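Worth saying up front: this structure is predicted, and the values here are computed from it rather than measured. Below, all heavy atoms of this structure are taken into account, side chains as well, without hydrogens, waters or symmetry copies. The chains referred to below are lettered A, B, ... by the order of the sequence lines, with proteins before strands, and numbering in each begins at 1.
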There are 2 protein chains.
Amino acid sequence: MAKTADPLQLDSMLCFAVYAAGHAFTRFYKPRLDALGLTYPQYLAFLVLWEQDGLTVKALGDRLFLDSGTITPLLKRLEARALVRRQRDDQDERLVRIFLTDQGRALRAQALSIPLQVGEALGGDAEAAATMRAGLQQLRERLDAALE
Amino acid sequence: MAKTADPLQLDSMLCFAVYAAGHAFTRFYKPRLDALGLTYPQYLAFLVLWEQDGLTVKALGDRLFLDSGTITPLLKRLEARALVRRQRDDQDERLVRIFLTDQGRALRAQALSIPLQVGEALGGDAEAAATMRAGLQQLRERLDAALE
DNA sequence: TGCAATTCAATTGCGCGCAATCGAAATATC
DNA sequence: GATATTTCGATTGCGCGCAATTGAATTGCA
């Protein structure tokens, strides 16, 4: 006897659980990131740039799994607020490298408390969170591998 | 000795794993849903409507964790293609109820193969998928509960 | 009964997210 | 060294996703 007869049951679908959890994260981050004046994707870009300055648009996109159509306008908004600087590479003029300004670098200090708040909201079980993170990474790899 | 000194490391973050897995799902679904002429959020709406016809916009939104600003235009696009019908409730004229057309109902048959393809891409481990789904649902609940 | 508060869908504005396309620049091929 | 191909970023168009607001309809309460 099958547990669920319907193969199209929303609440049994992994894709929807991922989708809904993603929105829940965005909602959770919203008030915290408002304090920094950042959106969630902008925050992700800073996570990358705080790790490594001077990346190309392409490298940043590869890191976040986003393309230039998303990243270019995002970076222009950050540049307009003097949080990053965009500069053509001297050697290869196709490349645009992204550098943090002092102001952009300074944001990092204000971001440090956010992961703590996430850990707290999740009940402090870092072990479970790490397991789930690893599972999701594998999920992403398998889905990407299945693209033809 | 701590494993990761940096609390802002992108690759250690659960939120990013969820975010990236969500996009990977969308990419995976894209060619399959193109065959039905649906986007992923539209597909989610049909999953709900195939389960229960005649829901209000509000009820549909509650089910998908989306608000009217997202759902209203989505439904209007579906109505323009004669896949659903929107009708004011007789008793309470604030409510708009969503009904499937025959065409919308017929889409279900074409969608049946999609979950199978997901299962296949994920290596057929339904057990692991169910565990992960449950973990993500709990994650969502905890994040939502932490919203002040 | 009358008026305030609430509920609901719709709308507006803005920021993603991605496909498709473009032009410039670099590389490969001959 | 000229030509074809590839790479990179920007741009356009469209569909979410959500905050904030609006207006109509309903409900609550005195």
In terms of the nearest nucleotide of DNA chain C, which residue is placed more toward the 5' end: A:T39 or A:Q91?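 It is A:T39, whose closest nucleotide lies nearer the 5' terminus.
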Look at [X] together with [Y] and state whether they make a salt bridge at an N to O cut-off of under 4.0 Å.
X     : Y     : result
A:E93 : A:R88 : no
B:D67 : B:K58 : no
A:D53 : A:R97 : no
B:R63 : A:D11 : yes

Let me know, please, whether A:K30 or A:T70 comes out on the 5' side of the other along DNA chain D by nearest nucleotide.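 Looking at the nearest nucleotide for each, A:T70 comes out on the 5' side.
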Whole angstroms only, please: what is the [atom1]-[atom2] distance between [X] and [N]?
X     : N      : atom1 : atom2 : result
B:F16 : C:dG17 : CZ    : P     : 11 Å
B:Y29 : D:dC16 : OH    : P     : 16 Å
B:R27 : C:dC16 : CZ    : P     : 18 Å
B:D34 : D:dG15 : CG    : P     : 13 Å
A:F65 : C:dC18 : CZ    : P     : 11 Å
A:L66 : C:dA19 : CG    : C1'   : 14 Å
B:D90 : D:dT26 : CG    : C1'   : 15 Å
B:I98 : C:dC8  : CD1   : P     : 14 Å

Would you classify A:I71 as touching base, sugar-phosphate or nothing, given that sugar-phosphate means primed atoms plus P, OP1 and OP2, and contacts are heavy atoms under 4.0 Å?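 Result for A:I71 = nothing.
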Give a yes/no on whether any side-chain N or O of A:R77 is located under 4.0 angstrom from OP1 or OP2 of C:dC14.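 The answer is no; no side-chain N or O of A:R77 sits under 4.0 Å from OP1 or OP2.
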With respect to the phosphate group of C:dG17, does any side-chain polar atom (N or O) of B:Y40 fall under 4.0 Å of OP1 or OP2?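 No, B:Y40 has no side-chain N/O under 4.0 Å of OP1/OP2 on C:dG17.
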Check whether any side-chain N or O of A:D34 sits under 3.5 Å from a backbone N or O of A:G37 as a donor-acceptor pair, and report yes or no.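 Not a single qualifying donor-acceptor pair exists.
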Exercise: do B:T131 and B:E127 side chains pair donor with acceptor under 3.5 Å: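 Side-chain D/A pair, B:T131 to B:E127: absent.
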By nearest atom, which of the nucleotides C:dG15, C:dA25, D:dC18 is closest to the B:D67 side chain?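 The closest nucleotide is D:dC18.
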Between B:Y29 and B:R27, is there a cation-pi geometry (under 6.0 Å to ring centre, at most 45° from the normal)?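 Not satisfied by the 6.0 Å and 45° rule.
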Are any protein N/O atoms closer than 3.5 Å to N/O atoms in nucleotides 8-10 of chain D? If there are, list each pair with its distance.
{"unit_1": "D:dG9", "atom_1": "OP1", "unit_2": "A:V57", "atom_2": "N", "d": "3.3"}
{"unit_1": "D:dG9", "atom_1": "OP1", "unit_2": "A:V96", "atom_2": "N", "d": "3.3"}
{"unit_1": "D:dG9", "atom_1": "OP2", "unit_2": "A:K58", "atom_2": "N", "d": "2.9"}
{"unit_1": "D:dA10", "atom_1": "OP1", "unit_2": "A:R88", "atom_2": "NH2", "d": "3.3"}
{"unit_1": "D:dA10", "atom_1": "OP2", "unit_2": "A:R86", "atom_2": "NH1", "d": "2.3"}
{"unit_1": "D:dA10", "atom_1": "N7", "unit_2": "A:S68", "atom_2": "OG", "d": "2.9"}

